[in-house]
There are 2 protein chains.
Amino acid sequence: MSSRLGAIEFRHLRYFTAVAEARSFRAAAQQLHVSQPPLTRQVQQLEELLGVVLLERQPRGVELTAAGAVFLEEARNLLALAEQALDRTQMAAQGQLGRLDVGVYGSAVFDAIPRVIQAFRVAHPKVEVVLHNLDRAGQIKALRERRLTVGFNRFFIEEPDLVWDVVLAEALNVALPAGHRLADRSRLTIADLSGEAMVVYPRSPRPGFIDQVLGLFHRRHLTAQVVQEVDDVVTAIALVSSGFGLTMVSDSALNLRLPGVVYLPLERNEALIDLCMIRRIDDDSALLRAFIEVARTVLPPLPDELAGAR
Amino acid sequence: MSSRLGAIEFRHLRYFTAVAEARSFRAAAQQLHVSQPPLTRQVQQLEELLGVVLLERQPRGVELTAAGAVFLEEARNLLALAEQALDRTQMAAQGQLGRLDVGVYGSAVFDAIPRVIQAFRVAHPKVEVVLHNLDRAGQIKALRERRLTVGFNRFFIEEPDLVWDVVLAEALNVALPAGHRLADRSRLTIADLSGEAMVVYPRSPRPGFIDQVLGLFHRRHLTAQVVQEVDDVVTAIALVSSGFGLTMVSDSALNLRLPGVVYLPLERNEALIDLCMIRRIDDDSALLRAFIEVARTVLPPLPDELAGAR
DNA sequence: GGCTGCGATACCGCATCGGTATCGTCCCGG
DNA sequence: CCGGGACGATACCGATGCGGTATCGCAGCC
């Protein structure tokens, strides 16, 4: 704990290093823009603190002792490391260094989130980005416990200590088996799906994507024919692939290509599904600000083109 | 060159580290045995010098910012390294750390020198010992050019800037072919060897072992029958092994066992051969002093037992 | 609402910094 | 052989800035 470092300061290292490198007090004094006596005094003091003679004073300048050569190397190293420490701290203050824990969940991991993460990694290469697969409740818990900096999720839920931002509105698509009677249409409406066998997800957490999808039917006084509830979009599409029925997926899930699965867009005005970012209301770290900025830049501010791009 | 390190001192690191670890200015002040205001001031100054806010002042102590956490790690590292720098410098001052370049030459490398080196390595494990095979002239040159700290050699030659110490006096032995007419004797005299076919070494540098051996004959008004001059003891013994004749070797060379070679000791009063250590007269480094001390301890101060031990 | 504990601020005495002037010493040239 | 010049060390001085005491402002809490 209490060290023998005593009263040694960087000034001693700077002065000694200059003198040792110049092999002269006077020359070092010029380089440092100070007069010569302070150098003599600081080096003397350093030697006294160390209990070691570092320089051999000679009529024509100074020579290093063996211990002095060792200390010179150490001092140079320390000074260089101190500079690096400054750099790293200033980078951290600008959000260019550190660690960002990101919670991810659901179909957005197949497109929107990777695009954001990738862009952030390019812009902030020294930041370690760690992804955590957590559902909404897990993200909220982890955020409160500081294990997470930001979470991506669907659906907006009010919490006093957290804030949500909608960062993307994705269109909905219908995934259906290749041989399905609707598979040759170019786009579909909710009404087209009334009474069709459907796979829905996720079973939990509630409310979730499943409720939003079912709500689309109820709002139109239509009935959804749920043949299977599953946990996630991948399982749902796997069941579609084996002919169980159809399911609804966001644009991001279009990257999931399984054999015998056809994706058709819903009419654009039928439904949009939000992608939200959740974070602590009191977190104003530069890292998070930078991440939000990247997310806003990467994700299109308006859903139009995405919905059209299928 | 000129750094952004500015006026940052170890004091700033020590104070900040204490505050950051205690999560409190007051608690840190107690641990450091100073009052609280200086801590506030030093940390403020550090933040100003860095241009970065390191701590979030809160009603119940302080919290680290992201940049503060980075700087804390850096500061701890720097302080630990500074301690190590002190240790290493002080070890160097005591001759326990550094590099020792040792010149070796001749038959002593087969016994006496390895014993010294081994003992020194045990006593000073952090000192890097580098051996250089150099003849006497090479050692003298390397010593003057500071490429060598100490050299082992035979024969004492006065030099103004160098000092020699005799560290060992070894007895002489005769190496002769197994079938030689003298091979069944238990010990020999110079007179016994008069007129015998001899291999002698080294051809250079002169004067050298060769001259000392030949001098033994001349001094007794005997003649040495030189059949071959070679460069080194190994070659000489190889020739003995193949029946060329006999040769003279020091005790150290007795470790060289070649088939068909018999070693017989010379009468002890016939001749002794010195092993010398050469060094700069102005080199009073702790490392060299320690090495000399080890050499004196390891090598027997009197030749008697060695001569008798064969 | 007063109490308590926190960090920040104001101010003070003094240690210590860097500056100027000078000394002692050695090298070197006339 | 002696004087000039360059080096590091020393003496001394003013100013900076350290750490100290006293106090403020503020927030949480009984």
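Any value given below was found using the heavy atoms of this structure, including those in side chains, with hydrogens, waters and symmetry copies removed. Below, read A as the first sequence line, B as the second, and so on, with proteins coming before strands; counting in each chain starts at 1.
Heavy-atom neighbours of A/Glu48 CD from other residues, nucleotides or ligands within 6.0 Å: at or below the threshold of 12.
Summarising the geometry, the separation between CG on A/Leu32 and C1' on C/dG18 is reported as 12 Å, rounded to the nearest angstrom. Whole-Å rounding puts the A/His33 NE2 to C/dG19 P distance at 12 Å. Atom pair B/Leu55:CG and C/dA8:C1' shows a separation of 14 Å (rounding to whole Å applied). Going from atom OH of A/Tyr15 over to atom P of C/dC17 covers 9 Å, rounded to whole Å. Distance A/Glu56 CD to C/dC26 P: 15 Å, rounded to the nearest Å. Between A/Gln30 atom CD and C/dG19 atom P there is a gap of 13 Å when expressed in whole angstrom units. Straight-line distance from the CD atom of A/Gln58 to the C1' atom of C/dG24: 17 Å, rounded to whole Å. Put simply, CZ on A/Arg11 is 10 Å from C1' on C/dG18, counting in whole angstrom units.
Residues in residues 126-141 of chain A take part in these side chain to side chain donor-acceptor pair (under 3.5 Å) pairs, two or more places apart or across chains: A/Asp101-A/His132, A/Gln139-A/Asn153, A/Lys141-A/Glu145.
A salt bridge is absent between A/Glu73 and B/Arg99; no separation between the charged side-chain nitrogens and carboxylate oxygens falls under 4.0 Å. A salt bridge does not link A/Arg144 with A/Asp283: none of the charged nitrogens is closer than 4.0 Å to a carboxylate oxygen. Ionic pairing of A/Glu21 and A/Arg76 is present here: one or more N-O contacts between side-chain nitrogen and carboxylate oxygen are shorter than 4.0 angstrom.
Residues B/Val62 and A/Val34 each lie close to DNA chain C; by heavy-atom proximity, the contact nearer the 5' end of the strand is made by B/Val62. The residue among A/Pro59 and A/Pro37 whose nearest nucleotide of DNA chain C is located toward the 5' end is A/Pro37. When each of A/Arg60 and A/Gln36 is assigned the nucleotide of DNA chain D bearing its nearest heavy atom, the one mapping closer to the 5' terminus is A/Arg60.
Under 4.0 angstrom from either OP1 or OP2 of C/dG18 there lies no side-chain N or O belonging to A/Ser35. Dashed line: the shortest gap from a side-chain N or O of B/Gln44 to OP1 or OP2 of C/dG7 is not under 4.0 Å.
Nearest heavy-atom pair across B/Leu134 and B/Tyr105 is O-CB, 3.1 Å.
Backbone-only contact: A/Gln45 has heavy atoms under 4.0 Å from sugar-phosphate atoms and none from a base. Among the heavy atoms of the strands lying under 4.0 Å from A/Gln42 are primed sugar atoms or P, OP1, OP2 only; no base atom is included.
Interface remark: the B/Arg26 side chain does form a donor-acceptor pair with the C/dG7 base, using a distance-only criterion of under 3.5 Å.
Partners of A/Ala20 according to the side chain to side chain contact (heavy atoms under 4.5 Å, CB included) rule, which considers only residues two or more places apart in sequence or in another chain, are A/Phe16, A/Leu64, A/Leu72.
Reading DNA chain D from its 5' end, the first and the last nucleotide to sit under 4.0 Å from a heavy atom of chain A are D/dC7 to D/dT10.
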